[in-house]
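Start at 1 with the first residue, then count along the sequence.
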Amino acid sequence: MNKQTHHTDWLYTISPKKSVINLNFKEIWYYRDLLLLFVKRDVITLYKQTILGPLWYFIQPLFTSVIFTLVFNNIAEIDTGDGVPAFLFNLAGISAWNYFSACLTGTSDTFKQNQGIFGKVYFPRVIMPMSTVLSNLIKFGIQLLVFVSFYVYFVFFTDLAYNVSISISIILLPILVIIMAILGLGFGMIISSMTTKYRDLSFLVAFGVQLLMYGSAVMYPISLIKNKVSEGVLPNFVGYLIEYNPMTTVIELFRYVTLGAGEFSVVKLAYASIISVIVFLMGLVVFNKTEKTFIDTV
């Protein structure tokens with residue numbers, strides 16, 4: 001009786017020799033139940049021992065929008081333009097930004113937070129950051145419902161005539177969500193890989209994300225920055241950094257497809273898409289390289 005097993009009969013092969021860009025969809029699909037389990041864990045455990053629980057999904061964007069409206073629109077007198085309600089303008093920017101930042105910060109600690117699991121059992125390591133992106137997508141969906149509720153209120157239940165409209169461009173919303181997801185995932189995998197050797201980076205992530213928010217046109221229109229640059233108030237390089245920040249483009253387009261505010265640009269959409277894919281591929285390369293040796297350095 002031949003007891004030899006041919007490699008063609010194996011379900012999968014665990015090998016350290018993989019291509020630098022390796023995203024085995026077949027293997028990920030085989031572990032889809034584990035992926036869904038991690039998503040469920042992330043959603044349930046986040047607010048499990050809190051008093052308000054899932055209500056924080058609603059409270060955080062609402063309070064932030066109120067503060068931004070008071071500080072930036074009422075006190076600093078920043079004009080949102082296009083006749084869009086300041087609160088709705090800020091809520092749109094915050095909803096989009098929260099999803100990106102949650103994907104980035106959630107995946108930036110993958111190796112450190114899961115070293116116990118990674119050192120004991122095999123599964124595709126990329127499942128862990130993917131589960132973070134998917135669980136945050138559920139939170140984003142809830143916050144999007146909050147945005148839609150206030151949109152309906154401002155349009156149909158107020159006496160003021162706001163210039164708010166949704167056009168056929170709303171079909172681009174899934175593309176913007178995908179861009180935010182893979183951009184946050186890419187940056188998160190890069191940072192997670194680097195923190196296995198340089199622990200200081202984990203302390204800088206929250207601070208860096210906070211600074212990046214102010215450079216991503218979350219609480220102001222990009223037209224304001226262009227005006228400040230043309231007036232000489234801001235130097236040109238600051239204007240370029242903000243304008244060519246891919247998240248600035250995504251947030252501006254998010255406001256356009258949901259509120260009709262600003263301008264739509266196919267070139268900018270293509271630019272943000274290309275940058276997000278490049279960042280994701282870079283993150284995947286670094287992640288795959290790090291997962292082979294991280295257990296010796298974490």
Side-chain angles (χ1 to χ4, degrees), residues 39-40 42-74 78 80-106 132-167 169-181 183-184 209-210 212-214 216-221 247-248 250-262:
V39 171
K40 183 179 179 181
D42 291 342
V43 173
I44 293 176
T45 59
L46 183 59
Y47 298 117
K48 188 175 182 180
Q49 294 181 325
T50 60
I51 297 175
L52 297 178
L55 286 177
W56 285 110
Y57 293 151
F58 303 90
I59 294 173
Q60 192 271 339
L62 291 179
F63 270 69
T64 307
S65 298
V66 170
I67 293 172
F68 279 6
T69 302
L70 291 175
V71 174
F72 293 100
N73 302 113
N74 293 349
I78 293 178
T80 59
D82 302 311
V84 175
F87 177 81
L88 210 56
F89 179 92
N90 290 318
L91 186 59
I94 290 167
S95 299
W97 174 258
N98 280 350
Y99 179 55
F100 165 76
S101 63
C103 291
L104 194 161
T105 55
T132 301
V133 171
L134 291 177
S135 62
N136 283 312
L137 184 61
I138 297 174
K139 302 171 192 175
F140 174 71
I142 295 174
Q143 294 186 357
L144 199 59
L145 288 176
V146 175
F147 172 77
V148 171
S149 300
F150 277 94
Y151 179 93
V152 172
Y153 168 76
F154 277 101
V155 174
F156 298 104
F157 296 97
T158 57
D159 297 330
L160 299 176
Y162 291 112
N163 185 21
V164 178
S165 62
I166 292 181
S167 64
S169 61
I170 193 67
I171 62 175
L172 296 175
L173 184 59
I175 297 177
L176 297 178
V177 174
I178 292 173
I179 292 174
M180 290 187 286
L183 189 63
V209 169
Q210 191 72 18
L212 185 60
M213 181 182 69
Y214 289 98
S216 300
V218 175
M219 68 290 293
Y220 55 83
M247 273 308 297
T248 298
V250 171
I251 290 174
E252 283 285 302
L253 291 176
F254 184 83
R255 288 196 183 107
Y256 178 83
V257 302
T258 56
L259 300 174

How close do [X] and [Y] get, counting heavy atoms only, and between which atoms?
X: Val218; Y: Met213; result: CG2-O, 3.5 Å
X: Tyr256; Y: Ser169; result: CE2-OG, 3.6 Å
X: Ile78; Y: Met219; result: CG2-O, 4.5 Å
X: Tyr99; Y: Ala181; result: OH-CB, 3.4 Å
X: Ala217; Y: Glu252; result: CB-OE2, 4.3 Å
X: Ile251; Y: Ser216; result: CD1-O, 3.4 Å

Derivation of the side chain to side chain contact (heavy atoms under 4.5 Å, CB included) call for Val209 and Thr105: CA-CA 8 Å; Val209 169; Thr105 55; 3.9 Å; yes

Taking the side chain as every heavy atom from C-beta outward, state whether [X] and [Y] have any atom pair closer than 4.5 Å.
X: Met180; Y: Leu183; result: no
X: Leu172; Y: Leu253; result: no
X: Ile179; Y: Ile175; result: yes

Hey, what do you get for [atom1] ([X]) to [atom2] ([Y]), rounding to the nearest 0.5 Å?
X: Leu259; Y: Ile170; atom1: CG; atom2: CD1; result: 9.0 Å
X: Ile67; Y: Leu62; atom1: CD1; atom2: CG; result: 11.0 Å
X: Tyr220; Y: Phe68; atom1: OH; atom2: CZ; result: 10.5 Å
X: Leu212; Y: Met247; atom1: CG; atom2: CE; result: 8.0 Å

Side chain to side chain donor-acceptor pair (under 3.5 Å) against Ser149, all qualifying residues, sequence neighbours excluded: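 Residues passing side chain to side chain donor-acceptor pair (under 3.5 Å) with Ser149: none at all.
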
Quick one: side chains of residues 83-97, donor-acceptor pairs under 3.5 Å with protein atoms, not counting sequence neighbours, listed by atom name and distance.
| from | atom 1 | to | atom 2 | distance (Å) |
| --- | --- | --- | --- | --- |
| Asn90 | ND2 | Thr69 | OG1 | 3.1 |
| Asn90 | ND2 | Asn73 | OD1 | 2.8 |
| Asn90 | ND2 | Ala86 | O | 3.1 |
| Ser95 | OG | Leu91 | O | 2.7 |

CA sep, side-chain torsions, deciding dist, call: Leu173, Phe254, side chain to side chain contact (heavy atoms under 4.5 Å, CB included): CA-CA 7 Å; Leu173 184 59; Phe254 184 83; 3.3 Å; yes

Ring geometry between Phe147 and Tyr151 (parallel below 30°, tilted from 30 to 60°, perpendicular above 60°):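 Geometry flag for Phe147 against Tyr151: tilted rings.
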
